[in-house]
Amino acid sequence: MSRIDPAALAQALRAGERRALAQAITLVESSRPQDRPVADALLTTLAPHTGKAVRLGISGVPGVGKSTFIEALGLHLVGRGHRLGVLAVDPSSQRTGGSILGDKTRMELLSREPAAFIRPSPAGGNLGGVASRTRESLLLCEAAGYDVVIVETVGVGQSETAVAGMVDCFLLLQLPNAGDELQALKKGVVELADLVVINKADINPQAAALAKSQFEVALHLLRPTSPNWSPPVLSCSALRQEGIAQVWDTVMRFHAALSGSGELADKRAHQALSWLWTLIGDALQQGFRSHPAVAAAMDEVTQAVIAGRLTPAAACRQLMRLYRPAD
């Protein structure tokens, strides 16, 4: 059993103790079975104190300057009196499972700010580069009094549906040389965007202006994610801190548009239910794999599928007949 007292930890977190928030996030990220009931008790205790922050997801390909952009935006927010939580998900090694976790180093100025809390977490191979407990870490930041929470994804070409499904506004960073209109028209991450920002516009203003117009055309052809919002395209230079205020003002306009129509509350409710079913699916798969009869037959069945002696559908039925979950 875990020795952590969830009630005491919740009280310390609500009192603004940064160490308590860090400990709480470590608890919800833990893969130890004995920590899960304690984490659930902590989250239940803190649930009434969540939901008041602006939730912003930021994605973009490696090299687009996500960390520099987040630091520039974060310094702007702190300067305006906000308290900022940053959940920066680092890529995990496919061979070792290790993670660089260098976001605090890349956001050196922001990490010194008392009103900012930066938490790097390993992606762990999760879809979209989002750590499995990032949603819960976001709630912990809200309970600790952070009124803006940013989730940064790895942005390595995987589906970013995971982060779009936990934030209010999904911001996509792009480079000035992002490609022609055909490239911009590619669906996937672009159609999830509530706001597209061309970063590093100072390097080549002409290319930035062209990329901006191309993405405006692309977004016009795609179906908007909200009937109350048409995704705009902005340009900025995070390194020079140019255009950052306009980006944040646009995020707030988006938030006001969805809040005023009641869409934001519906969106968050849908996200919560979607996450519930994701967790149910994960739990069922884990229970299936750990079932003694299934585990004993798994190697033989999978080898038969690989060798072509058994179709995946037949293998599924064979394993399901062995699965008898406990009451």
Side-chain angles (χ1 to χ4, degrees), residues 8-29 42-43 45-59 66-90 101 103-121 130-131 133-153 163 166-171 194-195 197 236 238 241 244-256 258-259 264-265 267-268 271:
L9 183 57
Q11 185 176 6
L13 184 148
R14 290 283 297 142
E17 295 184 20
R18 295 168 66 91
R19 185 176 179 181
L21 175 56
Q23 184 181 8
I25 293 177
T26 299
L27 177 65
V28 301
E29 288 181 344
L42 174 68
L43 290 163
T45 300
L46 293 173
H49 307 289
T50 64
K52 298 180 178 64
V54 175
R55 302 170 181 176
L56 175 63
I58 296 179
S59 185
K66 290 190 294 293
S67 295
T68 303
F69 176 82
I70 292 172
E71 179 169 62
L73 179 60
L75 292 172
H76 174 75
L77 292 174
V78 169
R80 292 179 62 168
H82 291 283
R83 297 188 68 216
L84 172 67
V86 179
L87 302 175
V89 185
D90 266 3
L101 300 180
D103 287 279
K104 281 195 173 182
T105 302
R106 294 193 292 268
M107 303 180 198
E108 185 178 357
L109 294 176
L110 185 60
S111 65
R112 297 175 187 170
E113 291 288 342
F117 178 86
I118 303 173
R119 175 70 179 213
S121 300
V130 181
R133 300 298 180 186
T134 300
R135 295 169 188 261
E136 295 173 348
S137 298
L138 187 154
L139 296 176
L140 292 174
C141 287
E142 289 184 336
Y146 292 92
D147 61 339
V148 180
V149 182
I150 293 175
V151 181
E152 175 197 0
T153 67
V163 67
M166 72 174 75
V167 297
D168 304 327
C169 180
F170 183 69
L171 186 157
D194 300 303
L195 170 61
V197 177
C236 76
Q241 298 188 344
I244 298 299
Q246 183 186 8
V247 170
W248 178 246
D249 290 345
T250 304
V251 171
M252 292 309 295
R253 284 196 298 109
F254 170 85
H255 206 267
L258 267 65
S259 296
L264 183 61
K267 182 177 184 178
R268 287 188 173 186
Q271 289 174 342

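Model, not experiment: these values are computed from the prediction.
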Taking 4.0 angstrom as the limit, do Arg80 and Asp249 come out as a salt bridge? yes
Between the OG1 atom in Thr45 and the CD atom in Gln11, the distance rounded to the nearest 0.5 Å is 11.0 Å
- Message: With heavy-atom distances below 4.5 Å as the criterion, would you say the side chains of Val197 and Thr250 are in contact?
- Response: no
Residues Leu46 and Thr50: closest non-hydrogen pair is O-CG2, 3.4 Å
Review point. Side chain to side chain contact (heavy atoms under 4.5 Å, CB included) between Val251 and Leu73: does it pass, once the steps are laid out?
Key: CA-CA 11 Å; Val251 171; Leu73 179 60; over 6 Å; no
Taking the side chain as everything from C-beta on, heavy atoms only, tell me whether Glu142 gets closer than 4.5 Å to Arg55. yes
Distance-only, no hydrogens or angles: does the Arg18 side chain make a donor-acceptor pair with backbone N or O of Pro114 under 3.5 Å? yes
Judged by modelled atom types alone, do Thr134 and Arg119 share a side-chain donor-acceptor pair under 3.5 Å? no
Please check: side-chain N/O of Arg19 versus main-chain N/O of Ala12, any donor-acceptor pairing under 3.5 Å? no
Result for side-chain contact (heavy atoms from CB on, under 4.5 Å) between Val163 and one of Ile58, Leu87, Val151 points to Val151
Anything under 30° is parallel, anything over 60° is perpendicular, the rest tilted; go ahead and classify His82 against Trp248.
perpendicular
Separation between CD1 (Ile150) and SG (Cys141), nearest 0.5 Å, reads 11.0 Å
Is a side-chain N or O of Glu71 found less than 3.5 angstrom from the main chain of Leu110, in a donor-acceptor match?
yes
Fill in: Residue pair Phe254 / Leu171, side-chain heavy-atom distance below 4.5 Å
no
side-chain hydrogen bond (donor to acceptor under 3.5 Å, both in side chains) test vs Asp168 passes for just one of Lys267, Arg268, Gln271, namely Arg268
